[in-house]
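Just below is one structure, and these are the notes that go with it.
What you are looking at is a predicted structure, and each value in this text was computed from that prediction instead of being measured. Because only heavy atoms are used, hydrogens play no part in the values below, and waters and symmetry mates are left out as well, while side chains stay in. So you know, we letter chains A, B, ... as the sequences are listed, proteins then strands, and number each from 1.
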Protein chains: 2
Amino acid sequence: MGRWEPNARGRLAKAALELYVERGYEQTTVAEIAKRAGLTERTFFRHFADKREVLFSGSDELREHLADAVAGAPDSMAPIDAVAAAFEKVGVLFEEGRERSLQRQSVIAANAELRERELIKLAWWSATLADTLRRRGVADPAASLAAEAGVAAFKVAFERWISGPAEPDLSQIVRESFDELKAVTAGR
Amino acid sequence: MGRWEPNARGRLAKAALELYVERGYEQTTVAEIAKRAGLTERTFFRHFADKREVLFSGSDELREHLADAVAGAPDSMAPIDAVAAAFEKVGVLFEEGRERSLQRQSVIAANAELRERELIKLAWWSATLADTLRRRGVADPAASLAAEAGVAAFKVAFERWISGPAEPDLSQIVRESFDELKAVTAGR
DNA sequence: TACCTGGATGACAGTCACTGACATCGGTGC
DNA sequence: GCACCGATGTCAGTGACTGTCATCCAGGTA
């Protein structure tokens with residue numbers, strides 16, 4: 001049971017999700033997570049900034065994928081369409097781990113602190129998207145609005161995907177959600 | 001210096017904002033806030049759920065105003081337009097306390113925990129708006145999307161108002177922001 | 001006036017997230 | 001073998017937040 005078991009970070013994340021599912025986020029102490037991973041509390045905080053962050057380590061990677069996808073879209077594509085295409089692409093990354101996503105999401109939904117953290121991650125996505133659009137020459141209120149509205153559309157799509165049957169894949173629901181957004185914002 | 005000085009809650013909120021401005025949110029302890037208000041730490045937590053909440057007590061009132069405005073909009077009005085009109089109305093409530101809003105916002109902007117709390121308040125607004133729209137007979141993906149997109153437009157407008165000159169009033173910027181939203185989501 | 005009751009506050013002890021400082025271990029390169 | 005360095009352990013501390021019980025003040029009632 002040595003100090004040098006590999007992948008400490010991964011073990012901590014796994015132990016945390018397990019415990020959050022088993023007995024709930026609030027009822028789990030960081031010391032317990034560390035113990036299950038064969039480490040100490042102090043080491044947990046060297047790998048994750050706080051008790052919430054352990055559930056969100058993948059968010060940054062997705063953010064980069066999003067930015068790359070928008071940056072790589074054809075110049076002729078309108079901002080909102082570039083954002084939509086980016087989210088469709090990213091949607092594919094979720095398909096594999098639907099079961100894991102479900103677990104994670106039920107834990108997050110059950111706790112306000114975790115929902116807060118999720119929202120700030122989405123805001124971070126939005127800020128990155130807006131920045132990427134600006135680099136494509138989109139002016140400022142438009143860039144922010146396309147990014148915010150795009151994240152909103154994805155949020156709605158993700159909720160539908162996670163709470164519905166596995167049937168339609170996320171990318172397809174994302175596409176529908178953006179179409180709905182366009183219809184709705186057309187006003188009367 | 002009695003136990004029964006009136007308006008304990010208000011004194012706590014005032015002391016908190018002052019201290020957050022003077023020395024920063026993280027550098028302020030709840031004990032210090034309570035002391036300045038002539039109360040104890042325990043009493044602080046009887047009035048506010050946590051150290052952040054003291055900055056957001058007005059949010060619920062605004063949420064109700066929003067819901068009322070949407071509920072009272074003419075039936076003929078499209079969802080996104082009803083939401084836009086509601087935010088324009090609410091915008092007026094901010095005008096009076098622009099100075100206070102500025103202070104508050106600079107404190108929030110400087111701290112990630114506070115930004116998280118603000119985001120969940122906005123999400124709460126969005127959920128309430130979506131619910132109000134559903135009561136008006138708007139179907140589900142559309143209701144959520146109109147609410148989310150509306151909050152996004154308001155967020156962008158508020159940022160522009162707070163960081164720009166006092167010149168154009170918030171309601172006007174809100175109107176412009178919704179127009180921009182419509183233009184942007186029209187795609188190409 | 002004296003008493004009683006209820007809600008607001010104080011006092012105090014405890015848990016737990018999170019941090020700083022320093023010691024220790026184990027692999028790597030020489 | 002030996003020096004070095006990064007990852008981990010140990011320990012002591014701070015501060016947010018909670019449960020519990022005592023205490024105080026206001027108002028009503030006899």
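B/E32 has its CD atom 13 Å from the C1' atom of D/dA16, to the nearest Å. One atom, CD1 of B/I33, and another, C1' of D/dA16, lie 11 Å apart when rounded to the nearest Å. Whole-Å rounding puts the B/L114 CG to D/dA16 C1' distance at 14 Å. Atom CG of B/L12 and atom P of C/dA8 are 14 Å apart (whole Å). The distance from atom CG of A/N111 to atom P of C/dA17 is 12 Å, rounded to the nearest whole Å. Rounded to whole Å, the distance from CD on B/E26 to P on C/dA17 is 18 Å. Going from atom OH of B/Y25 over to atom P of D/dA16 covers 8 Å, rounded to whole Å. One can place CD of A/Q27 at 15 Å from C1' of D/dC17, the figure rounded to the nearest angstrom.
Around atom CZ of A/R98, more than 12 heavy atoms belonging to other residues, nucleotides or ligands sit under 6.0 Å away. Residue B/E61 qualifies as open at atom CD: its count of foreign heavy atoms under 6.0 Å is 12 or below.
Using cut-offs of 30° and 60° for the angle between ring planes, the B/W125 and B/F154 rings count as tilted.
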Taking it one step at a time, do A/R117 and A/L55 satisfy side chain to side chain contact (heavy atoms under 4.5 Å, CB included)?
CA-CA 9 Å; A/R117 179 56 51 87; A/L55 282 179; over 6 Å; no

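Applying the ring-ring contact (aromatic ring centres under 6.0 Å, His included) criterion to B/F56, with sequence neighbours excluded, gives no partner residue. A/E22 pairs by the salt bridge (Lys or Arg N to Asp or Glu O under 4.0 Å) definition with A/R36, not counting sequence neighbours. Applying the salt bridge (Lys or Arg N to Asp or Glu O under 4.0 Å) test to B/R160 and every residue at least two apart in sequence or in another chain returns B/E176. By the salt bridge (Lys or Arg N to Asp or Glu O under 4.0 Å) test, B/E118 is found to be paired with no residue, residues two or more places apart in sequence or in another chain being considered.
Residues from residues 50-59 of chain A placing a heavy atom under 4.0 Å of any atom in DNA chain C, listed by number, are A/D50, A/K51, A/R52.
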Restricting to nitrogen or oxygen on both sides, can you table the protein-nucleotides 8-12 of chain D pairs closer than 3.5 Å?
from	atom 1	to	atom 2	distance (Å)
D/dT8	OP2	A/H47	NE2	2.9
D/dT8	O2	A/R3	NH2	2.5
D/dG9	OP2	A/T40	N	3.1
D/dG9	OP2	A/T40	OG1	2.9
D/dG9	OP2	A/T43	OG1	2.5
D/dG9	O4'	A/R3	NH2	2.8
D/dG9	N7	A/R46	NH1	3.3
D/dG9	O6	A/R46	NH2	2.5

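In this structure, NZ in B/K51 is found 8.5 Å from CZ in B/F45, a value given to the nearest 0.5 Å.
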